[in-house]
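Only one structure is covered here, and it is reproduced in the block below.
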Amino acid sequence: QMQLVESGGGSVQAGGSLRLSCAASGSIFSINAMGWYRQAPGKQRELVAAITSGGRTSYADSVKGRFTLSRDNAKNALYLQMNSLKPEDTAVYYCNADTNTLLGHRLDYWGQGTQVTVSS
(Lines give C-alpha, C1' and ligand atoms only; values in the text may rest on other atoms or scores of the structure.)
Protein backbone atom coordinates (compact mmCIF):
# COMPACT_ATOMS: atom_id res chain seq x y z
CA GLN A 1 0.00 0.00 0.00
CA MET A 2 1.29 3.42 -0.94
CA GLN A 3 0.36 7.04 -0.33
CA LEU A 4 1.49 9.89 -2.57
CA VAL A 5 1.52 13.52 -1.48
CA GLU A 6 2.35 16.34 -3.89
CA SER A 7 3.68 19.73 -2.95
CA GLY A 8 5.32 22.73 -4.57
CA GLY A 9 2.46 24.06 -6.63
CA GLY A 10 1.50 27.69 -6.64
CA SER A 11 1.17 30.79 -8.77
CA VAL A 12 3.94 32.12 -10.95
CA GLN A 13 4.31 34.54 -13.82
CA ALA A 14 5.06 33.35 -17.33
CA GLY A 15 8.73 32.53 -17.68
CA GLY A 16 9.07 31.58 -14.04
CA SER A 17 9.87 28.26 -12.44
CA LEU A 18 8.37 25.85 -9.97
CA ARG A 19 9.54 22.55 -8.56
CA LEU A 20 6.95 19.94 -7.70
CA SER A 21 7.66 17.20 -5.20
CA CYS A 22 5.94 13.89 -4.66
CA ALA A 23 6.55 12.12 -1.38
CA ALA A 24 5.78 8.42 -1.26
CA SER A 25 5.04 6.46 1.88
CA GLY A 26 3.91 2.97 2.70
CA SER A 27 5.21 -0.23 1.20
CA ILE A 28 4.80 -1.88 -2.16
CA PHE A 29 6.33 -4.88 -3.83
CA SER A 30 7.78 -3.08 -6.82
CA ILE A 31 7.36 -0.02 -9.01
CA ASN A 32 7.16 -0.16 -12.78
CA ALA A 33 7.16 3.56 -13.37
CA MET A 34 6.27 6.90 -11.84
CA GLY A 35 5.17 10.08 -13.48
CA TRP A 36 3.41 13.38 -13.42
CA TYR A 37 0.07 14.02 -15.04
CA ARG A 38 -1.87 17.23 -15.36
CA GLN A 39 -5.45 18.19 -15.99
CA ALA A 40 -6.65 21.61 -17.04
CA PRO A 41 -10.30 22.66 -16.72
CA GLY A 42 -12.40 21.01 -19.40
CA LYS A 43 -9.47 18.95 -20.64
CA GLN A 44 -8.44 15.31 -20.42
CA ARG A 45 -5.78 14.33 -17.95
CA GLU A 46 -2.50 13.99 -19.82
CA LEU A 47 0.87 12.49 -19.08
CA VAL A 48 3.52 15.16 -18.66
CA ALA A 49 6.59 13.12 -17.79
CA ALA A 50 7.38 9.58 -16.70
CA ILE A 51 10.34 7.63 -15.42
CA THR A 52 10.73 3.87 -15.46
CA SER A 53 12.24 1.72 -12.75
CA GLY A 54 15.38 1.65 -14.87
CA GLY A 55 15.64 5.42 -14.85
CA ARG A 56 14.53 6.19 -18.39
CA THR A 57 12.56 9.39 -18.75
CA SER A 58 10.05 10.55 -21.31
CA TYR A 59 8.25 13.85 -21.77
CA ALA A 60 5.25 15.22 -23.53
CA ASP A 61 6.24 17.23 -26.59
CA SER A 62 4.73 20.35 -25.07
CA VAL A 63 7.17 20.34 -22.14
CA LYS A 64 10.36 19.00 -23.68
CA GLY A 65 13.28 21.26 -22.98
CA ARG A 66 11.44 23.03 -20.17
CA PHE A 67 10.56 20.33 -17.62
CA THR A 68 12.91 17.86 -15.98
CA LEU A 69 11.82 14.75 -14.10
CA SER A 70 14.01 13.20 -11.44
CA ARG A 71 13.74 10.84 -8.50
CA ASP A 72 15.50 10.15 -5.25
CA ASN A 73 15.08 6.49 -4.42
CA ALA A 74 16.63 6.88 -0.97
CA LYS A 75 14.04 9.51 -0.07
CA ASN A 76 11.18 7.85 -1.95
CA ALA A 77 10.58 11.11 -3.74
CA LEU A 78 9.80 12.23 -7.26
CA TYR A 79 10.42 15.74 -8.55
CA LEU A 80 9.37 17.80 -11.52
CA GLN A 81 11.42 20.90 -12.23
CA MET A 82 9.37 23.24 -14.40
CA ASN A 83 11.15 26.12 -16.09
CA SER A 84 10.03 28.71 -18.62
CA LEU A 85 6.45 28.21 -17.55
CA LYS A 86 3.66 29.24 -19.88
CA PRO A 87 0.01 30.06 -19.19
CA GLU A 88 -0.96 26.85 -20.97
CA ASP A 89 0.87 24.91 -18.26
CA THR A 90 -1.85 25.93 -15.82
CA ALA A 91 -3.43 22.76 -14.46
CA VAL A 92 -3.73 20.48 -11.48
CA TYR A 93 -0.68 18.26 -11.42
CA TYR A 94 -0.88 14.70 -10.11
CA CYS A 95 1.81 12.29 -9.06
CA ASN A 96 1.30 8.71 -10.20
CA ALA A 97 2.88 5.38 -9.36
CA ASP A 98 2.42 2.25 -11.43
CA THR A 99 3.13 -0.64 -9.07
CA ASN A 100 3.00 -4.39 -8.74
CA THR A 101 1.57 -6.32 -5.82
CA LEU A 102 3.16 -9.40 -4.33
CA LEU A 103 0.98 -11.54 -6.61
CA GLY A 104 1.93 -9.62 -9.72
CA HIS A 105 -1.20 -7.50 -10.06
CA ARG A 106 -0.83 -3.91 -11.12
CA LEU A 107 -2.02 -1.10 -8.88
CA ASP A 108 -2.13 2.54 -9.87
CA TYR A 109 -1.69 5.12 -7.10
CA TRP A 110 -2.46 8.81 -7.32
CA GLY A 111 -1.72 11.83 -5.21
CA GLN A 112 -4.32 14.42 -4.36
CA GLY A 113 -3.03 16.94 -6.88
CA THR A 114 -1.37 20.32 -6.61
CA GLN A 115 -2.50 23.44 -8.45
CA VAL A 116 -0.11 25.23 -10.79
CA THR A 117 -1.22 28.59 -12.11
CA VAL A 118 0.84 30.55 -14.63
CA SER A 119 -0.19 34.10 -15.37
CA SER A 120 0.70 36.05 -18.48
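- Rounding to the nearest 0.5 angstrom, the gap separating the CG atom in Leu18 from the CZ atom in Phe67 is 9.0 Å.
- Atom CD1 of Ile31 and atom CD1 of Ile51 lie 10.5 Å apart (nearest 0.5 Å).
- A donor-acceptor pair under 3.5 Å is absent between the side-chain atoms of Asp108 and the main chain of Thr99, judged by distance alone.
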Any chance you could lay out the side-chain contact (heavy atoms from CB on, under 4.5 Å) test for Met82 and Asp89, step after step, and finish with the verdict?
CA-CA 9 Å; Met82 305 186 295; Asp89 295 319; over 6 Å; no
Check: residues 56-63 side-chain donor-acceptor pairs under 3.5 Å, at least two apart:
unit_1	atom_1	unit_2	atom_2	d
Tyr59	OH	Leu69	N	2.8
Asp61	OD1	Lys64	NZ	3.0
Ser62	OG	Arg38	NH2	3.4

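- Among residues at least two apart or in separate chains, disulfide bond (SG atoms under 2.5 Å apart) pairs with a member in residues 88-120 are Cys22-Cys95.
- Interatomic distance, CG of Asn96 versus CE of Met34, reported as 7.5 Å (0.5 Å rounding).
- With hydrogens and angles ignored, the 3.5 Å screen pairs a side-chain donor or acceptor of Glu6 with a backbone N or O of Gly113.
- Taking CG from Leu102 and CD1 from Ile28, the interatomic distance works out to 12.0 Å, rounded to the nearest 0.5 Å.
- Leu80 and Val12 fall within a single hydrophobic cluster, where Ile, Leu, Val, Met, Phe, Trp and Tyr are joined by side-chain heavy atoms under 4.5 Å apart, directly or via other members.
- In this structure, Gln3 CD and Ser27 OG are separated by 9.0 Å, a value rounded to the nearest 0.5 Å.
- Here the straight-line distance linking atom CG of Leu107 with atom CE of Met2 works out to 10.0 Å at 0.5 Å rounding.
- Between Pro87 and Ala14, the shortest heavy-atom distance links the atoms CD-CB, 4.1 Å.
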For a side-chain contact (heavy atoms from CB on, under 4.5 Å) check, start with the C-alpha distance between Val116 and Leu20, then their side-chain angles and the critical distance, and finish with the verdict.
CA-CA 9 Å; Val116 171; Leu20 304 184; 4.1 Å; yes
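- Closest heavy-atom contact between Ala91 and Gln39: CB-O, 3.5 Å.
- Side-chain atoms of Gln112 do not come within 3.5 Å of backbone N or O of Val5 as any donor-acceptor pair.
- Residues Ser17 and Gln81 share a closest heavy-atom pair of CB-NE2, 4.0 Å.
- Annotation: ring-ring contact (aromatic ring centres under 6.0 Å, His included) contacts involving residues 10-38, sequence neighbours excluded, comprise Tyr37-Trp110.
- Of the possible polar contacts, none joining the Thr114 side chain to the Ser7 backbone as a donor-acceptor pair under 3.5 Å is found.
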Evaluate side-chain contact (heavy atoms from CB on, under 4.5 Å) for Thr90 paired with Gln115, printing each intermediate quantity in order.
CA-CA 8 Å; Thr90 296; Gln115 177 70 50; 4.0 Å; yes
